[in-house]
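The structure appears below as structure tokens.
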Amino acid sequence: MPRLAMNIRTRFAPSPTGFLHIGGARTALFSWAFARRHGGSFILRIEDTDVARSTPEAVQAILDGMQWLGLAHDEGPFYQMQRMARYKEVIAGMLEAGTAYHCHTSREELDALRAEQEARKEKPRYDGRWRPEPGKALPAAPAGVPPVVRFRNPLDGVVAWDDLVKGRIEFANAELDDFVIARADGTPTYNFCVVVDDHDMKITHVIRGDDHVNNTPRQINLLRALGAPVPEYAHLSMILGDDGQKLSKRHGAVSVMQYDDEGYLPEAVLNYLARLGWSHGDDEVFGMEQFVQWFDLDHITASAAQFNTEKLNWLNAHYLKQADPRRLAAEAGRRLARQGVTLGDGPDASRVAALYRDRVGNLNELADAMHPYFSPPKPSAELAAQHLTEPALKGLAALKARFEHCAWLAAELGQAVKQTAAEAGLKMPQLAIPLRVALLGLPQSPSIDAVLEVMGRERVLSRLDRVLGA
RNA sequence: GUCCCUAUCGUCUAGAGGCCUAGGACAAUACCCUUUCACGGUAUGAACCGGGGUUCGAAUCCCCGUGGGGACGCCA
């Protein structure tokens, strides 16, 4: 494969106008995996030429999101605003070579032009009125209107490329207009910077969102005008929200960091994203190491995919079940601390976490489940009335006596509960549930013997005292 | 409006002309396990957008239609 011989270089190039959302995260994941898969380099580039909308907070949010996901870049982050000198140099060269020209059309004129074209049901585009042609008389440049620089796009022929996910795509040059590459204030625009950067950074594979398909022919023409090689392109279709609607800042698009807040494990989010629009036969559950070995651009779906929170939840639960209890205890501890609960003088948090990791769907639920172990429970009046009845309390008293000198091991403790129930003429649930309410303030819990063992004799006895009124 | 992309169970998808009476996963339903609640296990229902071609044969190729999406900025 020639692909193995060349040094694969991919990039993720977000604009810092908001948080890193799920669609961006998947684009980053695929670019990262492709570079990793081929032993290449993954570059992070911040496209901040829109000075009005870019913010340092957004840059940080993107960096945080990438870090949380564990998508490390090999080069960068590069900031376009720091590459101004280079862009201006290229623009000057193009002006010199005649592949770009000054255009003095005002915004008002452009608006009028667009309105006319729309009225005629045509595709709105610049009409080339300032485009120099042999034998064409250009109007006199109006004074006081700083010109923009436009790219001189070929008039006819077609631009085509073999998109690595969508197959061959062709555009007639007649559909394209002479787009602005530098604003009146001299700052370069997106389509221009991308081309210069991708070229300078020797990007071999441009993996990006579907919404850039229409920019690609312009960028290819620009690349040709610059005498630069054209990279491979892979356009990823978009991700729709859970409701099938497209994601936008005001509808459904959430920061990847929100998944952290909601108790998702990064490996679950990553695994979910990997399977959203890409597949490896029937494989569903796999870690990043495996993903990198399998990943290719041939098995990416060309159509849009709908986000499915339920499947993400299932993967999250799956990863929770096999996560290291110490890590889970730390994560739950972080969350409990926010509620003012410390793990300090409670039972072994790792053991508690181990008791619950296969019963909860996310870290917040885990924290909730662990909560009663670390702060005294307060059974509601309803629960008390329902379960802490006269016969149940008698049973609990008997149980307490037994617990005082019973060996503190799950098997023994389970036996103790069974025997006490039998002696008190109670069925197992008739004693086990009141016991749960007494210890945890809840009628449900993991196996009662395991709960007892983890909680420890002292804590069990004192909690029993509380309900027995001793 | 113009251009571009796209179309398999509710959802994510397998499928690259015969292996498909279309497979897997999530979700759903039922049952089992069980000291509670979960977990887990087993089973069931559920799809090739429509119409034309091409071919001995089409979910797979082509065309048209329809649905969905994207783009049409001195945003990225």
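All values reported here derive from a predicted model rather than from experimental measurement. Chain naming here is simple, since letters A, B, ... match the order of the sequence lines and numbering starts at 1 in each.
Across the P atoms, B:G51 and B:G45 are found 26 Å apart, a figure rounded to whole Å. Nucleotides B:U13 and B:U60 are separated by 16 Å at their C1' atoms, to the nearest Å. Nucleotides B:C12 and B:C48, compared at atom P, are 16 Å apart to the nearest Å. Using C1' as the reference atom, B:A28 and B:G67 are 26 Å apart when rounded to the nearest Å. Rounded to whole Å, the C1' atom of B:A22 lies 8 Å from the corresponding atom of B:U8. When the C1' atom is used for both B:C33 and B:A43, the distance is 15 Å, rounded to whole Å. Rounded to whole Å, the C1' atom of B:G24 lies 12 Å from the corresponding atom of B:G15. Taking atom C1' on both nucleotides, B:C74 is separated from B:U11 by 42 Å, rounded to a whole Å.
A:Tyr126 does not carry A:Arg129 over the face of its six-membered ring by the limits of under 6.0 Å from the centre and within 45° of the normal.
Put simply, the side chain of A:Arg436 and the base of B:U35 share a donor and an acceptor less than 3.5 Å apart. Between the side chain of A:Asn215 and the base of B:A76, a donor-acceptor pair under 3.5 Å is found. One can find a donor-acceptor pair under 3.5 Å joining the base of B:G23 and the side-chain atoms of A:Asp282. A donor-acceptor contact under 3.5 Å is formed by the side chain of A:Glu284 with the base of B:G24. For B:U35, its base sits under 3.5 Å from the side chain of A:Ser447 at one donor and acceptor pair at least.
Nucleotide B:G57: unpaired (no Watson-Crick or G-U wobble partner with both distances less than 3.5 Å). Across all strands shown, B:A46 forms no Watson-Crick or G-U wobble pair with both distances under 3.5 Å. The partner of B:A25 is B:U11, by the rule that a Watson-Crick or G-U pair needs both atom distances under 3.5 Å. Across the strands present, B:G1 finds its partner in B:C72; the criterion is a Watson-Crick or G-U wobble pair with both atom distances under 3.5 angstrom.
Across all strands shown, A:Lys121 has heavy atoms under 4.0 Å from sugar-phosphate atoms exclusively, and none from any base. Here A:Thr105 lies in heavy-atom contact (under 4.0 Å) with a base. Within the 4.0 angstrom heavy-atom criterion, only backbone atoms of the sugar-phosphate kind lie near A:Pro429; the bases stay farther away. Across all strands, A:Pro446 comes closer than 4.0 Å to base atoms (heavy-atom distances). Within the 4.0 angstrom heavy-atom criterion, no nucleotide atom of any strand lies near A:Arg125. Note on A:Ser445: a base of the nucleic acid sits closer than 4.0 angstrom, heavy atoms only. Among the atoms of the strands shown, only primed sugar atoms or phosphate atoms (P, OP1, OP2) are found under 4.0 Å from some heavy atom of A:Val213. If you check every strand for non-hydrogen atoms under 4.0 Å, A:Asp449 touches a base. Within 4.0 Å of A:Leu276, counting heavy atoms only, lie sugar-phosphate atoms of the nucleic acid but no base atom. Note on A:His235: nothing from the nucleic acid sits closer than 4.0 angstrom, heavy atoms only. A:Gly209 comes within 4.0 angstrom of nothing in the nucleic acid, heavy atoms only. Residue contacts shown for A:Arg120 are absent, as no nucleic acid heavy atom lies under 4.0 Å away.
Whole-Å rounding puts the A:Gln306 CD to B:G69 C1' distance at 13 Å. When the C1' atom of B:G40 is taken as reference, atom CG of A:Leu320 falls 16 Å away, rounded to whole Å. Put simply, CG on A:Asn214 is 12 Å from P on B:C3, counting in whole angstrom units. A straight line from NZ of A:Lys418 to P of B:U36 spans 11 Å, rounded to a whole angstrom.
Between A:Trp130 and A:His104, the ring planes are tilted. Angles from 30° to 60° get that label. Using a 30° and 60° split on the angle between ring planes, A:Trp161 and A:Tyr233 fall in the perpendicular class, above 60°. The aromatic rings of A:Phe151 and A:Phe179 are tilted relative to each other, their planes meeting at an angle between 30° and 60°.
Each of A:Tyr272 and A:Glu170 was assigned the nucleotide of RNA chain B with the nearest heavy atom; the assignment lying further toward the 5' end belongs to A:Glu170. The nearest heavy atom of RNA chain B to A:Phe171 and to A:Ile433 marks one nucleotide each, and the one closer to the 5' end goes with A:Phe171.
Counting all heavy atoms, side chain and backbone alike, A:Arg436 lies closest to A:Pro443 at CD-O, 3.3 Å. When all heavy atoms of A:Asn308 and A:Asp242 are compared, the closest pair comes out as CA-OD1, 3.4 Å.
The shortest side-chain heavy-atom distance between A:Tyr87 and A:Thr187 does not fall under the 4.5 Å cut-off.
No side-chain donor-acceptor contact under 3.5 Å links A:Trp278 to the backbone of A:Leu273.
Close to B:G40, at under 4.0 Å from its OP1 or OP2, lies a side-chain N or O of A:Lys321. At the phosphate of B:U13, OP1 or OP2 sits under 4.0 Å from a side-chain N or O atom of A:Thr301.
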